[in-house]
Amino acid sequence: MQESMNIKKELETKLGAANDIYLNNIDIDPLTIKAIMINEVVPSDPLQDFYGTPGADYLKTTIPLLQGAGSKVTSIQDVLQSGIYITNAVKTPKTEYAIDKSSIEKSLPYLEAEISIFPNVKVIMLMGDVAKKAFNMIAKKSTKKNAIPAVSTYKLRNSEIYYKGIRVMPSYIMTRGNILIEKSKVTMATEDIATMLKIIS
């Protein structure tokens, strides 16, 4: 039986530590994870990240989305226990409004190694365009082509996309205030999460 591992230690062992790269400092049994949700970017304050404080900003929108999709979670521990691991595509806090390609590239080796930690994953959810871009960069390295076609996310929602046998679901951003404004995206993200929950149940 696999014991739990510390994600941060594991990634730093593989790739070395970097000062400004924020990694999830949590202990988890990788075999229990069936879905990975990839958010855009780490917050400037690590305490506001998914594994920060119980009232962290990132959880304020994420937990209600999962609940809206039918999950009974109330904390990040519940999320992990239900087989869902959440991480950020870009591991360096953003300095400007837009996230440039170089910061995605800098974090990519960590994201790729992080995804590979979990052998039983059935679904990878890409929450927003940055996650979609990052995942396509990973896919391109091994298959020479994008996993996700370059069309609007809402047009892709009804197509089943697979990468190395894993269902890949492009969806919408799940953190930050703007999710609260765009009701249609909240609805679509909730529906996508409900589909993911069905696949892993």
Side-chain angles (χ1 to χ4, degrees), residues 21-24 35-46 48-52 56-69 71 73 76 79 84-108 110-112 114-115 118 121 123-140 146-163 166-197 199:
I21 294 271
Y22 291 26
L23 300 169
N24 294 328
I36 300 174
M37 297 176 82
I38 304 176
N39 182 53
E40 280 202 328
V41 59
V42 294
S44 49
D45 174 4
Q48 301 308 323
D49 206 348
F50 300 105
Y51 307 98
D57 282 350
Y58 273 16
L59 291 177
K60 283 182 189 150
T61 47
T62 302
I63 298 279
L65 272 177
L66 284 158
Q67 290 169 340
S71 176
V73 297
I76 193 64
V79 175
I84 301 164
Y85 175 73
I86 307 181
T87 193
N88 296 292
V90 176
K91 317 275 184 207
T92 52
K94 61 181 186 177
T95 47
E96 291 152 38
Y97 182 72
I99 293 165
D100 56 28
K101 195 175 171 194
S102 66
S103 56
I104 300 179
E105 284 166 346
K106 187 176 178 184
S107 300
L108 212 58
Y110 290 93
L111 180 65
E112 189 173 7
E114 190 174 24
I115 292 170
F118 304 104
V121 165
V123 187
I124 294 175
M125 293 195 76
L126 308 172
M127 310 305 286
D129 290 341
V130 172
K132 199 158 71 171
K133 252 186 220 141
F135 195 81
N136 270 341
M137 287 172 164
I138 291 172
K140 238 183 180 146
N146 286 336
I148 311 296
V151 294
S152 307
T153 297
Y154 76 90
K155 289 183 180 158
L156 293 170
R157 292 181 66 238
N158 297 323
S159 52
E160 292 195 13
I161 300 166
Y162 287 88
Y163 172 76
I166 297 169
R167 172 83 180 266
V168 181
M169 298 175 65
S171 190
Y172 296 95
I173 200 156
M174 61 183 190
T175 53
R176 295 214 310 270
N178 61 358
I179 186 167
L180 304 170
I181 303 158
E182 299 190 55
K183 290 277 187 283
S184 62
K185 287 188 177 173
V186 174
T187 305
M188 289 188 280
T190 305
E191 288 167 4
D192 295 342
I193 293 167
T195 302
M196 176 267 285
L197 291 170
I199 297 169

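As a basis for the values below, the full set of heavy atoms in this structure was taken, side chains included, without hydrogen atoms, waters or symmetry mates.
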**Prompt:** What distance do T153 atom OG1 and M188 atom CE have between them, rounded to the nearest 0.5 Å?
**Reply:** 8.5 Å
**Trace of the salt bridge (Lys or Arg N to Asp or Glu O under 4.0 Å) decision for E105 with K133** = CA-CA 10 Å; E105 284 166 346; K133 252 186 220 141; over 6 Å; no
**Request:** With sequence neighbours left out, write down each residue that passes side chain to side chain donor-acceptor pair (under 3.5 Å) with D192, or none if nothing qualifies.
**Result:** R157, S171
**Message:** Between Y154 and Y172 (judged by ring centroids, cut-off 6.0 Å), do the two rings come close enough to count as a pair?
**Reply:** no
**Request:** Could you grab the distance from atom OG of S107 to atom CG of N88, nearest 0.5 Å is fine?
**Result:** 9.0 Å
**Message:** Testing the 3.5 Å rule here: is there a donor-acceptor pair between the side chains of Y162 and E160?
**Reply:** yes
**Item:** Sub-4.5 Å side-chain heavy-atom contact between M125 and I36
**Value:** no
**Asked** Does some side-chain heavy atom of I166 sit less than 4.5 Å from a side-chain heavy atom of V123?
**Response** no
**Message:** Just verifying a value: how many Å separate I115 CD1 and I138 CD1, rounded to the nearest 0.5 Å?
**Reply:** 4.0 Å
**Request:** Scan side-chain atoms only and decide if N24 and T87 contain a donor-acceptor pair under the 3.5 Å cut-off.
**Result:** yes
**Prompt:** Taking side chain as C-beta onward, heavy atoms only, is I124 less than 4.5 Å from Y163?
**Reply:** no
**Message:** I need the I84 CD1 to L197 CG distance, nearest 0.5 Å.
**Reply:** 5.0 Å
**Asked** In Å, rounded to the nearest 0.5 Å, how long is the span from CG of D45 to CG of D49?
**Response** 9.0 Å
**Message:** Under a 3.5 Å cutoff, is there a donor and acceptor pairing between the side chains of K94 and S103?
**Reply:** no
**Request:** Indicate yes or no for a side-chain donor-acceptor contact from N136 to the backbone of N146 under 3.5 Å, with no hydrogens or angles considered.
**Result:** no
**Prompt:** I193 versus M37: any side-chain heavy-atom pair under 4.5 Å?
**Reply:** yes
**Prompt:** Do side-chain atoms of T61 reach the backbone of M174 as a donor and acceptor pair under 3.5 angstrom?
**Reply:** yes
**Message:** When you compare the side chain of T62 with that of I76, does any pair of heavy atoms fall below 4.5 Å?
**Reply:** no
**Asked** Angle class for the Y51/Y85 ring planes (parallel below 30°, perpendicular above 60°, tilted otherwise)?
**Response** parallel
**Item:** Non-neighbouring partners of K155 that pass salt bridge (Lys or Arg N to Asp or Glu O under 4.0 Å), sequence neighbours left out
**Value:** none
**Asked** Is any side-chain heavy atom of I38 closer than 4.5 Å to a side-chain heavy atom of V130?
**Response** no
**Request:** Nearest 0.5 Å please: distance from the OG1 atom of T195 over to the CE atom of M169.
**Result:** 4.5 Å
**Asked** Looking at side-chain heavy atoms only, is the closest gap between L59 and V79 below 4.5 Å?
**Response** no
**Prompt:** Any donor-acceptor pair under 3.5 Å linking the side chain of T190 with the backbone of V186?
**Reply:** yes
**Asked** Below 4.0 angstrom, N of the basic side chain to O of the carboxylate: do E40 and K132 qualify?
**Response** no
**Message:** For a 4.5 angstrom cut-off between non-hydrogen side-chain atoms, does T175 reach D57?
**Reply:** no
